[in-house]
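Everything on this sheet refers to the single structure shown next.
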There are 2 protein chains.
Amino acid sequence: MATPADATRPHRAPLNTQAVLRAAVALADESGVDALSMRKLAQALGVAPMALYKHVDGKDELLDGMIEVVIGEIDPPEPGVEWKTAIRRRVLSARQMLLRHPWASQVIEARTKVRPTPAVLAYMDTMIEIFRSGGLSVDLTHHALHTMGSRLLGFSQELFNESGGDDQEPDPETSRAMAEQYPNITALVTAITHDEGSVVGAGCDDQFEFEFALDLLLNGLERLHDAAS
Amino acid sequence: MATPADATRPHRAPLNTQAVLRAAVALADESGVDALSMRKLAQALGVAPMALYKHVDGKDELLDGMIEVVIGEIDPPEPGVEWKTAIRRRVLSARQMLLRHPWASQVIEARTKVRPTPAVLAYMDTMIEIFRSGGLSVDLTHHALHTMGSRLLGFSQELFNESGGDDQEPDPETSRAMAEQYPNITALVTAITHDEGSVVGAGCDDQFEFEFALDLLLNGLERLHDAAS
DNA sequence: ACAATTAGGTATACGCCGTACGCCTGTCAA
DNA sequence: TTGACAGGCGTACGGCGTATACCTAATTGT
């Protein structure tokens with residue numbers, strides 16, 4: 001007679017796999033992926049650590065499940081759109097997801113090296129489909145994927161965003177030492193931050209920079225495609 | 001009278017910071033960075049775990065030191081070379097380093113988010129110098145750095161290299177299921193691996209793909225630079 | 001109607017990890 | 001001679017992932 005909701009004991013809702021994954025994503029979003037442990041996650045769900053293993057095979061599979069969740073947040077491709085626009089929208093949507101979940105980039109990269117998850121494979125599959133139905137050759141599509149997947153430097157992205165990462169103003173002495181040791185960085189940063197007063201504090205417009213890179217690349221691919229026709 | 005080398009007790013060489021860092025790099029190279037623990041490193045050096053803390057401040061600082069070591073392996077810039085060639089050589093040299101130390105990319109990215117090491121800053125500084133002395137504007141240099149630092153996808157790079165990561169041949173049934181679920185990936189992979197019999201097993205020429213991406217980007221930057229002149 | 005199965009949660013324990021703290025022992029300068 | 005100190009060691013603490021065994025309530029087959 002008792003419905004599952006008003007059972008006599010302080011039953012919390014019986015906790016399925018999706019709930020575990022969503023809680024894990026939320027916890028990683030707010031505390032960082034390093035602070036995501038099975039024990040902390042269990043505590044956040046009001047449950048003993050080992051209870052999680054009834055719903056998830058282990059930490060690696062938990063991470064894979066979290067990947068599935070966030071990849072699912074990327075907008076699906078719209079049919080009947082020109083390939084360059086379609087790719088552009090998809091990549092920008094993926095970027096929005098990565099900004100919402102700062103841990104995702106690192107986790108996806110690490111886990112994909114071991115074994116790509118179905119959602120990652122599906123994402124890649126639709127990307128290929130867009131290129132191919134846009135008329136790009138197999139070879140050019142292949143090159144395009146590699147080009148968009150490579151990072152060429154492997155780091156550096158976050159150097160300007162917060163000018164160092166810590167929050168306090170650099171005291172004059174250290175900033176003078178900085179200017180001495182890294183004159184080119186210093187010159188570039190001051191030039192950037194002093195231009196166009198529109199930018200709020202310091203730093204640059206990341207969205208603009210991202211689209212700059214994306215368009216540079218897409219235009220290059222289009223040029224190659226046109227030349228081949 | 002006893003030289004440090006022939007001391008009476010089984011003294012191993014007194015173990016300085018550089019030796020610790022080099023051992024850590026070697027251990028990460030052969031066992032992966034996940035298997036690199038202070039305890040394992042100490043064991044590899046024939047020393048108690050806590051001995052390391054006399055030479056390194058902690059694990060994070062150990063990782064920073066390892067970054068300094070591998071960044072030091074990147075060829076220094078040669079003066080008097082045209083900017084595009086200079087950048088090209090530097091980036092390819094950095095890539096060789098990253099191939100030698102598969103853990104480096106991940107570690108550098110993670111630590112740079114916290115605080116960039118001096119070597120990373122110095123590397124960036126010389127990159128900026130090359131662009132600027134090549135005549136590129138501050139803005140274009142800025143864009144160039146972002147473009148080369150962004151990955152646009154964040155993953156996917158390793159999908160083709162080993163067609164899945166595990167070593168056994170996929171049995172016919174699973175590969176049929178693959179072909180059904182990811183038709184575009186399947187089509188692309190089979191087309192790539194069946195072309196040009198020159199390629200040994202399966203997979204593609206990573207070096208070629210990397211240079212393709214690099215040149216696509218450098219040519220795009222050059223075009224923008226010429227248009228601005 | 002009742003026994004058997006099972007799904008969901010728990011408690012305990014093992015072996016790893018990073019590292020704070022204190023101690024010991026040679027070496028060498030004053 | 002003495003005392004500082006550099007280098008190394010042992011112990012211990014809290015946190016981690018997770019194997020194993022156990023408990024309880026619901027569900028199901030007969």
Side-chain angles (χ1 to χ4, degrees), chain A residues 1-24 27-28 31-67 103 106-107 110-111 114-115, chain B residues 1-24 27-28 31-67 103 106-107 110-111 114-115:
Chain A
M1 147 192 298
T3 70
D6 69 357
T8 50
R9 253 73 72 256
H11 270 169
R12 52 208 89 267
L15 189 63
N16 57 51
T17 301
Q18 282 307 310
V20 171
L21 294 182
R22 275 187 281 107
L27 207 158
S31 315
V33 71
D34 290 336
L36 172 66
S37 69
M38 298 299 273
R39 290 168 140 99
K40 297 256 188 66
L41 178 57
Q43 191 176 11
L45 287 163
V47 124
M50 292 311 294
L52 301 179
Y53 288 80
K54 288 283 154 71
H55 305 280
V56 175
D57 262 357
K59 181 144 196 201
D60 286 346
E61 276 65 26
L62 174 74
L63 292 174
D64 281 352
M66 294 167 67
I67 292 176
W103 50 270
Q106 171 186 341
V107 171
R111 289 298 303 164
V114 178
R115 182 172 351 99
Chain B
M1 145 191 303
T3 70
D6 69 357
T8 49
R9 252 72 73 255
H11 270 169
R12 51 211 89 264
L15 189 63
N16 56 52
T17 300
Q18 281 308 309
V20 171
L21 294 182
R22 275 188 280 106
L27 207 158
S31 315
V33 72
D34 290 337
L36 173 67
S37 69
M38 299 299 273
R39 291 169 141 98
K40 295 255 188 67
L41 177 57
Q43 190 177 12
L45 286 164
V47 124
M50 291 313 293
L52 301 178
Y53 288 79
K54 289 283 154 76
H55 306 279
V56 175
D57 263 356
K59 182 147 193 197
D60 285 347
E61 276 65 26
L62 174 73
L63 292 174
D64 281 351
M66 293 167 67
I67 292 176
W103 49 271
Q106 170 185 344
V107 171
R111 289 298 303 165
V114 178
R115 183 174 347 101

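Only heavy atoms go into these numbers, but all of them, side chains included; no hydrogens, no water, no symmetry mates. The chains referred to below are lettered A, B, ... by the order of the sequence lines, with proteins before strands, and numbering in each begins at 1.
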Could you state the [atom1]-[atom2] distance from [X] to [N], rounded to the nearest angstrom?
X: B/Asp34; N: C/dC16; atom1: CG; atom2: P; result: 16 Å
X: A/Met50; N: D/dG17; atom1: CE; atom2: P; result: 11 Å
X: B/Leu41; N: C/dC16; atom1: CG; atom2: C1'; result: 16 Å
X: B/Asp60; N: C/dG18; atom1: CG; atom2: P; result: 11 Å
X: A/Leu45; N: C/dT10; atom1: CG; atom2: C1'; result: 15 Å
X: A/Asp57; N: D/dA19; atom1: CG; atom2: P; result: 10 Å
X: B/Asn16; N: D/dG8; atom1: CG; atom2: C1'; result: 15 Å
X: B/Gln43; N: D/dG8; atom1: CD; atom2: P; result: 17 Å

Original post:
Which value, rounded to the nearest 0.5 Å, describes the distance between B/Asp34 atom CG and B/Trp103 atom CH2?
Top reply: 13.0 Å

Subject >> Position toward the 5' end of DNA chain C (nearest nucleotide), A/Lys54 or A/Arg39 >> reply: A/Lys54

**OP:** Using a heavy-atom cut-off of under 4.0 Å over every strand shown, decide if B/Lys59 touches base, sugar-phosphate, or nothing.
**Re:** sugar-phosphate

**OP:** Give A/Ala51 one of three labels, base, sugar-phosphate or nothing, depending on what nucleic acid heavy atoms sit under 4.0 Å from its own.
**Re:** base

Original post:
Does A/Gln43 CD have over 12 foreign heavy atoms under 6.0 Å away?
Top reply: no

Original post:
In terms of side-chain heavy atoms of B/Ala48, which of C/dT19, D/dC9, C/dT12 is nearest?
Top reply: D/dC9

Original post:
Can you tell if the side chain of B/Leu52 reaches within under 4.5 Å of the side chain of B/Leu62, non-hydrogen atoms only?
Top reply: no

Original post:
Are any of B/His55's side-chain N or O atoms less than 4.0 Å away from OP1 or OP2 of D/dA6?
Top reply: no

Subject >> Below 4.0 Å: OP1/OP2 of C/dC17 and any side-chain N or O of B/Lys40 >> reply: yes

**OP:** Select from B/Leu15 and A/Ser37 the residue whose nearest nucleotide in DNA chain D is closer to the 5' end of that strand.
**Re:** B/Leu15

**OP:** Spell out, as yes or no, whether a donor-acceptor pair under 3.5 Å connects the side chain of A/His55 to the backbone of A/Val20.
**Re:** no

